[in-house]
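To start, the structure itself, in structure tokens.
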Amino acid sequence: MNHGTIHSSQASSTPGSSVVARPRPSFSGTTVDKVAIEERVGALAKRSIKKQAKVAGLKLTTSMIDLTTLEGKDTPGKVRALCAKARRPLASDPSIPACAAICVYPNMVPVAKEALAGSGVHIASVATAFPSGQSPLDIKLDDVRRAVDFGADEIDMVIDRGAMLSGDYAKVFDEIAATKEACGPAHLKVILETGELGTYDLVRRASEIGIAAGGDFIKTSTGKVQPAATPAVTLVMLECIRDHYLATGKKIGMKPAGGVRTAKQALHYLVIVKETLGDAWLTPDLFRFGASALLNDVLMQLEKERTGNYAASDDFSKE
Amino acid sequence: MTRLSITKAYKMYVGGAFVRSESGRYFQVSANDKSATGADPETVNIPLGSRKDARDAVLAAKNAFDGWSARTAFNRGQILYRLAEMLESRRDELTASLQRAGLSAKDAEAEVGASVDRAIFYAGFCDKLTALLSSYNPVPGPHFDFSVPDPMGVIAVVAPAKPALLGLVSTILPIIAAGNTVVAIASKDDPRTAVLFCECLATSDLPGGVINVLTGDAKEIAPHLAKHREVAGIDAWTEDAELRAKLEAEGSDSVKRVTTHGTPVDLKWYDAADPQVGQGLGFLERFLETKTIWHPVGV
Amino acid sequence: MDSANPFHASTGTAVPANATNGTSHGASVASGTSPGKPALDFGAAWEYAPAPEARDHVKIDPRYELFIGGKWQAPASGSYFPTINPSDESQLSEVAEANEADVDKAVKAARHAYEKTWSKMPGAERAKYIFRIARAMQEKARELAIVETLDGGKPIKESRDVDVPLASAHFFYHAGWADKLHYAFQGRKARPLGVAGQIIPWNFPLLMAAWKIAPALACGNTVVLKPAETTPLTALLLAKICQEAELPDGVVNIVTGAGKTGAALAGHGDVDKVAFTGSTGVGKRIQRAIAGSKKRLTLELGGKAANIVFADAPLDQAVEGVINGIYFNQGHVCCAGSRLLIEESVHDVFVAKLKDRLRTMRLGDPLDKNTDIGAINSRMQLDRIKELVASGEEEGLDRFSAPCELPSKGFWFPPTFFTGVAQTSRIAREEIFGPVLSILTFRTPDEAVEKANNTMYGLSAGVWTDKGAKIFWMAQKLRAGVIWGNTFNKLDPSSPFGGYKESGFGREGGRQGLASYVELDG
């Protein structure tokens, strides 16, 4: 086994870094076989989800969505409309739950806070020089603190993929740990940007670092890089979460983001969660979808199950 | 005064050593051509191999298998070539021995020459057969899939009664060329030449136990080899239809690969004009398994 | 980076496997076994609804005759036997029982077809008939899959995704050989053998029929095929496909029946070639029975494959490989990975993972698209599995079975494994042919090879390791016809399949497989 140890930094060379003392976890040395893991998710994709299982799965999906807009052209108007949709995805069917959260840039957090007041829908803000993360650490931490000050309940940070790829795992670890501290009460989701990591082995290692450094969730992607979330990369991360849970008893959450567009895909992800981590993770507390287009397809499928007829896309609001 | 010659005790070749039958039994072979007796008397004693001799030979062959099959094909080719050199250097002696058993000088010379050439043929085949018998298999999906020939283990050979030397050489060399080891029962008509051949083996760098040659009665010994569970295959060249059927039946208990051939006396074993005669891929392939290996392709 | 920084990336730093500070393969505790330890809960928070494959468009005749000389013929025996659905014991149909006279009639029809048409037909024309059969199988894929599942008890997802597509692929693959045989044997001339008598088992009824018929036809032989008595239906549907493809009469004949019918076929004096897939015991009897007959023989028999998992393997994928290796088709697979050899240092972790994985397996209605474990093929086979499992329990071995609820009717056995198994245990030596895995440990690669090869069988083996050189070393040392490195139970018509030692001889598939159906000069 190829064990390596990440040591906590006392004097990181990263500009602007703060000093953090963390426990010293080790790598498990776990490797991932690409073909076999893709076969596994391929087999799980063949689960046939029908009737009441489909309705239940799609409602669960809705409750797990971090309804997302991360555009340069985002405006308060757009964000308010999105918030309305997150609170009540389909006005005609109150049995459909609210989304888990809205996911926006820091500048939009105050708008969302106002629009979601009293709804229970969380506010997630990307931070840490999203999406590239290529800024000095103190700026990234400031980004986090401000988002939290604005009212974000959840921070979606990006890891330093350059550090990850150049083998500077210590830096990756330190930055996550520092970000976690900066979050204060807010939950931290650690975006690995798996599409830039190149191999499942490195995704596994990044997941271990993200968890060890204090992430409450690990998340696949920013949505700005292709490929974004895939079932296989999600399974790699879920297996890491499972191993961590079995070793420590601590449950870490998972968020595939980007690329999940259809109800069918979402159900496939739920199947993967159900058969890898079991019942405990089938909750928005531990599993989220980062998505924008997904919600309308889910609603369309739910309407079809309710009425027996196929809906038109204009039957649902477009934000 | 003529000098009285020293006579040679003829022994079987097992595990790289020359041995008498553990049974103490022998049979006698007399010279057909009295002018070709050389240093030997007209009649010589040959060990009459027993069931236990067969067992010892199988054990020797089994013990030699891992080492022999693990050698590089190039190295096996070198050793077979060395064998050809040894045969060539003892051509006169081998020719005289065949004459002693009744062949004309011309036929005996031709048979020895053909035997040497056959050894060369298989010496050069050792590192070719894998290329000829392997395949890359274009399976759908992300897998690398290939098949290679792999030796079976210990193969028993009932060598043809005639031609005594060329028949033995032609049947056992393709089997060992591919990495198997052999227990052969030599022609009962002319076991003496087979023993001379073994003396060539002993000086050819061939590891002990790769080729083991028993003398005696195939009808007595071969069924024990057919029943022996360590023997993976049998190649029997005998006109005795009853023996052939018996070997096929007894081999079934261990799912042995049994190939039997009637050997009509006019069966041709060598034809300078037709290289297909008496040699070829078919002889090699008979006692090779195909091993298929799959592996995923992906990062 | 500052050299004083203890944070140096140390990917290459080896830490002893027993290091206590690590989260090495985190699941170092058996989940769900001791209270207080973290355990996964595979419960009912989100249940899958039943998803049965619709079968209303599939019509099974109440009775099937013998398919001889291109016609459906009542058996001379006058007798029929029922074929049942092993998942509920209901009768699906009844089929004719061929006796010696029927077999003789079929062999005569095959001989006639061989001499009059098939051996004289140009390879390119033969190819087109075989292509037609392949296409028709694709067109009828759903029907074939449903009938396969009904008759044999295997999960529909397997018959749909594996058996039927692979069966069709075998015809496609071999069709293309029919006019290229002169390329296949390096300058040697290939002649067909004549009439092939083919006897196939019940675990992959249609697929085995394809494995047998397709290469035989491509090489210019005609066939008489006997399907297994518990699973005759898809072979009979294949006969119908041959008819609809306008295959010349007598080229393919199907005779149904049990062991006696098979013995009559193998023993028939005018059969040139016998091909048998089934148990080693029956294979030996056939080999003995045809001794001295000049018939050519190929045997594809039993196995007791080792699936070898090294500590450096991608363990979660190895778990999947082990699961697939032994529980695919309820373990009714000759090449099943029925012995898990696990490196001792990861034994506990791996067994814990296997237990969790077994808890997610779904046993039940074979027609349900979410079923992982279907019905055991017959009561006889179920009894054999139970007997061997009982022997493991009597030996005091530690048994774990998936907590599946077994249906009240039909033949069922939950996915099961035994730990602490020794090489001497019956369940480590005898082929169980059921969903039962024996787990053994090893310490070094040499020991793994020795244990893996320590069996009279030699059909297949699996090796799981992240180290390429180790895979090849193992692949060289293992005495088995198919070696799966970091995968298991992969089959393809282009890939030669067959055993060493008592797993049989001859290959099926690939260029090498053609040799089983031709006579070569030189």
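Every heavy atom of this structure was used, including side-chain atoms; hydrogens, water molecules and symmetry mates were not.
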Item to check | Contacting region of B/Glu250 [heavy-atom separation from chain C under 4.5 Å] | outcome: both
Next on the checklist: Tell me if the OH atom of B/Tyr81 is crowded by more than 12 foreign heavy atoms within 6.0 Å.
Outcome noted: no
Item to check | Donor-acceptor contact below 3.5 Å, side chain C/Gln287 vs main chain B/Arg257 | outcome: no
Next on the checklist: More than 12 heavy atoms of other residues, nucleotides or ligands under 6.0 Å from NZ of B/Lys246: yes or no?
Outcome noted: no
Checklist entry - For C/Lys189, does the NZ atom have more than 12 heavy-atom neighbours from other residues, nucleotides or ligands under 6.0 Å away? => result no
Item to check | Structural part of B/Pro151 lying under 4.5 Å from a heavy atom of chain C | outcome: backbone
Next on the checklist: Between C/Leu301 and chain B, with a heavy-atom cut-off of 4.5 Å, which part of the residue counts as in contact: side chain, backbone, both or neither?
Outcome noted: side chain
Checklist entry - Rounded to the nearest 0.5 Å, what separation is found between the OG atom of B/Ser252 and the CG atom of C/Leu299? => result 10.0 Å
Checklist entry - If you look at every heavy atom in B/Thr290 and C/Tyr500, which pair is closest and at what distance? => result O-CE1, 4.1 Å
Checklist entry - Are C/Thr487 and B/His143 close enough that some pair of their side-chain heavy atoms sits under 4.5 Å apart? => result yes
Checklist outcome for this item: Under 4.5 Å to a heavy atom of chain C? For B/Ser134 that would be backbone
Next on the checklist: Take a 6.0 Å sphere around CZ of C/Phe472 and say whether it holds more than 12 heavy atoms from other residues, nucleotides or ligands.
Outcome noted: no
Item to check | Whether B/Lys291 side chain and C/Leu478 backbone form a donor-acceptor pair below 3.5 Å | outcome: yes
Checklist entry - Between C/Gly485 and B/Pro296, which heavy-atom pair has the shortest distance, and what is it? => result O-CD, 3.0 Å
Checklist entry - Does atom OH of B/Tyr136 have more than 12 heavy-atom neighbours, drawn from other residues, nucleotides or ligands, at distances under 6.0 Å? => result yes
Checklist outcome for this item: Looking only at heavy atoms, the pair that brings B/Pro138 and C/Asp492 closest together is O-OD2, 4.4 Å
Checklist entry - Is there a donor-acceptor contact under 3.5 Å linking the side chains of B/Asn137 and C/Ser494? => result no
Next on the checklist: Between C/Glu502 and B/Arg229, does any NZ, NE, NH1 or NH2 come within less than 4.0 Å of an OD or OE carboxylate oxygen?
Outcome noted: yes
Next on the checklist: With a 4.0 Å cut-off on N to O distance, would you call B/Asp150 and C/Arg479 a salt bridge?
Outcome noted: yes
Next on the checklist: Sort by residue number and list every residue of residues 444-471 of chain C having at least one heavy atom under 4.5 Å from chain B.
Outcome noted: C/Met456, C/Ile471
Item to check | Proximity breakdown for C/Ser293 and chain B, heavy-atom pairs closer than 4.5 Å | outcome: backbone
Item to check | Closest heavy-atom pair and its distance - B/Val139, C/Ser495 | outcome: CG1-CB, 4.0 Å
Item to check | Residue pair C/Gly292 / B/Ala245: nearest heavy atoms and the distance that separates them | outcome: CA-CB, 3.7 Å
Checklist entry - Do B/Trp294 and C/Val482 have side-chain heavy atoms sitting under 4.5 Å apart? => result yes
Checklist entry - What residue in C/Ala169, C/Gly499, C/Pro493 has the most heavy-atom pairs under 4.5 Å with chain B? => result C/Gly499
Next on the checklist: Just so I know, are the side chains of C/Lys501 and B/Met152 near enough to count as touching, which here means a heavy-atom distance under 4.5 Å?
Outcome noted: no
Checklist entry - Of the backbone (N, CA, C, O) and the side chain (C-beta and beyond), which part of C/Gln512 lies under 4.5 Å from a heavy atom of chain B, both, or neither? => result side chain
Item to check | 4.5 Å side-chain heavy-atom contact, C/Phe505 and B/Val255 | outcome: yes
Checklist entry - Where do B/Glu285 and C/Leu520 come nearest, in terms of heavy atoms and distance? => result OE1-CD1, 4.3 Å
Item to check | Nearest-0.5 Å distance that lies between atom NE2 in B/His295 and atom NZ in C/Lys490 | outcome: 12.0 Å
Item to check | Derivation of the salt bridge (charged side-chain N to carboxylate O under 4.0 Å, His left out) call for C/Arg288 and B/Glu248 | outcome: CA-CA 7 Å; C/Arg288 182 172 283 274; B/Glu248 287 171 9; over 6 Å; no
Checklist entry - Would one find more than 12 heavy atoms of other residues, nucleotides or ligands at under 6.0 Å from atom NZ of C/Lys157? => result yes
Checklist entry - With a cut-off of 6.0 Å (strictly less than), are more than 12 heavy atoms of other residues, nucleotides or ligands near CZ of B/Arg51? => result no
Checklist outcome for this item: Scored by heavy-atom pairs under 4.5 Å with chain C, the best of B/Ser254, B/Ala232, B/Gly278 is B/Ser254
Checklist entry - Is it the side chain or the backbone of B/Asp253 that comes within 4.5 Å of chain C heavy atoms, both, or neither? => result both
Item to check | Which portion of B/Phe146 sits near chain C, non-hydrogen atoms under 4.5 angstrom | outcome: side chain
